[in-house]
> 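Handing you this structure, nothing more for now.
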Amino acid sequence: MKAQIVSLIEQALNALKQGENWPEDLRPQVQVDLTRDKSHGDLASNIAMTLAKPLRKSPRDIAQQIISALPASPMVNKVEIAGPGFINFYLNNSAVASVITDVLGQGSNFGRSTIGQSEKVQVEYVSANPTGPLHVGHGRGAAVGDALCRLLQATGHDVTREFYYNDAGAQIDNLARSVQARCQGLEPDSDQWPTDGYRGDYIKDVAQSYLAGDRIDAEDKHVTGAAEPDNLDAIRDFAVAYLRREQDLDLKAFGVNFDVYFLESSLYSEGKVDEAVKQLVENGHTYEKDGALWLKTTDFGDDKDRVMRKSEGGYTYFVPDVAYHLNKWQRGFSTVINEQGADHHSTVTRVRAGLQALNAGIPEAWPDYVLHQMVLVMRGGEEVKISKRAGSYVTLRDLIDEVGRDATRYFLVARAASSQLTFDIDLAISQSNDNPVYYIQYAHARVCSVLRKLAEQGWQWSAEHSCDTLDRLSEEAELALMKRLSAYPATVTAAATHREPHTIANYLRELAGEFHSYYNSFKMLDDDEGLRNARVALSVAVKQVIANGLDLLGVSAPEEM
RNA sequence: GCGCCCGUAGCUCAGCUGGAUAGAGUAGGUGGCUUCGAACCACUUGGUCGGGAGUUCGAAUCUCUCCGGGCGCGCCA
């Protein structure tokens, strides 16, 4: 209905443009918003105020001209000028109620759109190295990244979900030596414990499994333990596969899946790293200094140049990173979104600089980044430090087990990624009934309950027939609910374009709140058949939109609780 | 010192590309189940939107500058 009002205003403006001598280049953007206060009507536009300066007239005069030029519309009851020059539109009830017909007709497709035009988009998220179980920070990345993917799919993008991990290099060597030490019966506090070794108890589990000769089946790796404590290579392969499998299980329990697992080692084995380096050297953006090879990232906005090849001969991590992103570009992803922890934000400039230096026609601001800030974990009133090496640790699986999958996902995705997040485990566990996610789910379950009750009473209801009775919905609460429902599609597209899945959580909270309030004030299953059918239709529409929205967040919509 | 993020009610946080009297949860207070599920609702207490300056019809929102907190600033990833 918003689009129709915008169209009416545009027609009025075009008419005015003929009569008046408006500047040619004046192309006003018509903005129409749902009003916050019902005394301001249903929809309002600030167009007159934005035109005041270029036209050198008072906003209220312009508003009056626009109103006079507005074409008649069956959905508009009244138009008023208010305040400094707002144009307020009052809609008739049937125009507002048409959203119910839309929701019931479109079902799970309500809110979905094709604005993405099947653009190939890749989202890389989690991308944890296989050196330990996933922790809360990874959980936030998983929740945000997955919700982003769902949003992009809902808006018509062709989405690929990708997980990149480092299965070679110094960290993996540390891992292998740590497992080996456990195989030899060493404890982390031993003098002989490897420097920078991983001290967590899970290392002991890996060692035991290796010595037992277990077979490990991870998503992309299958390894049998060689049971030889001296064979560091075998231990390395086994440990990586073991921890990859653990992460797979964590992600599966969290309801997060990937299309592609990309191994850093493949970039080396397929010569992609050497190719990228060669290209960078040929393009003249590198130089030798102190026995190392440097990339002049300062040519592309970095504050200092970066070492590509260390004096000992190995590449620094960002070289395979650049090769990896070149590979993404070559795979045809016009948009790539990297969801990462903000502690790695320094890679953004570096990767982009490397890609520019390749001179491969990649846009300067490519790829996109969504960076989430740190998660502060509270337990027993104290902050739990996350340290893999120390082994003090809140794993994602602990959270799922203790708090529940739905609540964990909701908590981690309900806040803006740019804000730090305090996850109070005690609160999430002990007061789990006051959890906002249950509040939303409860609204859904309530409608399901109403439908069960309806059937028990022997009453019939169908979406098709109820549409004739929607004019019975005239209570303030009902009109407000319907307006809220009609705002859903725009909420979805905005969340997708701005990459802000948390706005869906906000929307659902408000929708659920309005529904609970409505439910407590009015009887759904009224004896009056017309009124009853109309109210049930509204309730079912609310249930549908809650289900659609929760699905975007990866949270379930239970029929009973 | 430089870069990024944050600073809104006691606490945790929303406030869409600037819009009409700043919102929610939680905590505190008072009420509401013989009636569709009380995991709910109604009312109520509580804020110089960190400070200051600027941009304009209008700023929590944009710009600048201070103050405070987080995270980065490796020939680690």
Side-chain angles (χ1 to χ4, degrees), chain A residues 29 31 33 35-37 39-40 44 46 49-50 52-53 58-59 82-86 88 129 131 166 169-171 174 196 264 289-294 302-304 306-318 320-321 341-349 371-374 376 411 414-424 427 431-436 438-439 441-443 445-454 456-457 487 490-491 494-495 497-498 500 502-503 505-507 509-510 512-513 515-526 532 535-536 539 560-561:
Chain A
Q29 272 279 320
Q31 186 183 331
D33 293 305
T35 55
R36 214 186 318 163
D37 192 325
S39 68
H40 300 142
N46 62 353
M49 289 181 288
T50 64
K53 178 159 250 183
S58 87
F86 289 105
N88 294 340
N129 287 338
T131 52
N166 174 328
Q171 291 196 65
N174 288 342
D196 295 330
E264 185 188 14
K289 194 181 85 177
D290 302 332
L293 181 67
W294 296 69
D302 205 352
D303 56 352
K304 59 180 79 163
R306 305 293 167 177
V307 170
M308 295 170 61
R309 193 178 56 230
K310 297 178 265 187
S311 50
E312 47 92 338
Y315 291 116
T316 56
Y317 73 93
F318 105 92
D321 249 21
D343 53 339
H344 285 151
H345 77 255
S346 61
T347 64
V348 175
T349 313
L371 302 176
H372 64 260
Q373 295 292 321
M374 301 294 92
L376 189 72
F411 261 75
R415 309 259 116 109
S418 58
S419 290
Q420 281 183 52
L421 180 68
T422 301
F423 201 117
D424 188 328
L427 192 79
Q431 306 191 354
S432 60
N433 282 357
D434 292 330
N435 227 307
Y438 297 128
Y439 182 84
Q441 289 178 321
Y442 182 48
R446 259 188 159 167
V447 178
C448 294
S449 173
V450 167
L451 291 176
R452 284 193 296 270
K453 196 80 184 176
L454 180 94
E456 278 174 31
Q457 299 282 340
T491 305
T497 1
H498 299 149
E500 290 181 334
H502 74 281
T503 55
N506 292 338
Y507 172 87
R509 236 249 155 240
E510 286 165 5
F515 178 74
H516 283 310
S517 176
Y518 171 57
Y519 179 90
N520 273 276
S521 309
F522 300 95
K523 190 149 175 83
M524 307 295 107
L525 300 179
D526 198 278
R532 179 174 72 233
R535 286 183 171 166
V536 170
S539 302
E560 6 184 343
M561 306 187 63

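A, B, ... follow the sequence lines: proteins, then strands. Residue 1 opens every chain.
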> Under 4.0 Å from any atom of RNA chain B, heavy atoms only: list the residues of residues 308-315 of chain A that qualify, in numerical order.
A/Lys310, A/Ser311
> Could you tell me which nucleotide pairs with B/C62 by Watson-Crick or G-U wobble geometry, both distances under 3.5 Å, or answer none if nothing does?
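Result: B/G54.
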> For A/Ala292, report the nucleic acid contact type (base, sugar-phosphate, nothing); a contact means any heavy atom under 4.0 Å.
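Base contact - A/Ala292 has a heavy atom under 4.0 Å of at least one base atom.
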> In the strands shown, is B/G68 matched to any nucleotide by a Watson-Crick or G-U wobble pair with both distances under 3.5 Å, and which?
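Pairing partner, where one exists within any strand: B/C6.
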> Phosphate oxygens OP1/OP2 of B/A39: is one of them under 4.0 Å from a side-chain N or O of A/Tyr442?
yes
> NA contact type, A/Gln441, heavy-atom cut-off 4.0 Å: base, sugar-phosphate, or nothing?
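Touches nothing.
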> Does the protein touch nucleotides 17-22 of chain B at the base, only the backbone, or not at all? Give it as B, S and - per nucleotide, heavy atoms under 4.0 Å.
--BBB-
> Regarding B/A14, can its base be found pairing with the side chain of A/His502 as donor and acceptor, where the two atoms are less than 3.5 Å apart?
no
> Between B/C13 and B/G52, how far apart are the P atoms? Round to whole Å, please.
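Those two atoms are separated by 25 Å.
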> Shorter than 3.5 Å, N or O on both sides, protein versus nucleotides 2-8 of chain B: list them out with atom names.
residue, atom, partner, partner atom, Å
B/G3, N2, A/His345, NE2, 2.8
B/C5, O2', A/Ser418, O, 2.3

> Hey, does the side chain of A/Lys289 come within less than 4.0 Å of B/C75's phosphate (OP1/OP2), counting only N and O?
no
> Classify the nucleic acid contact of A/Ser449 as base, sugar-phosphate or nothing, counting any heavy atom under 4.0 Å across all strands shown.
base
> Between B/A38, B/C71, B/A39, which nucleotide gets closest to the side-chain atoms of A/Arg446?
B/A38
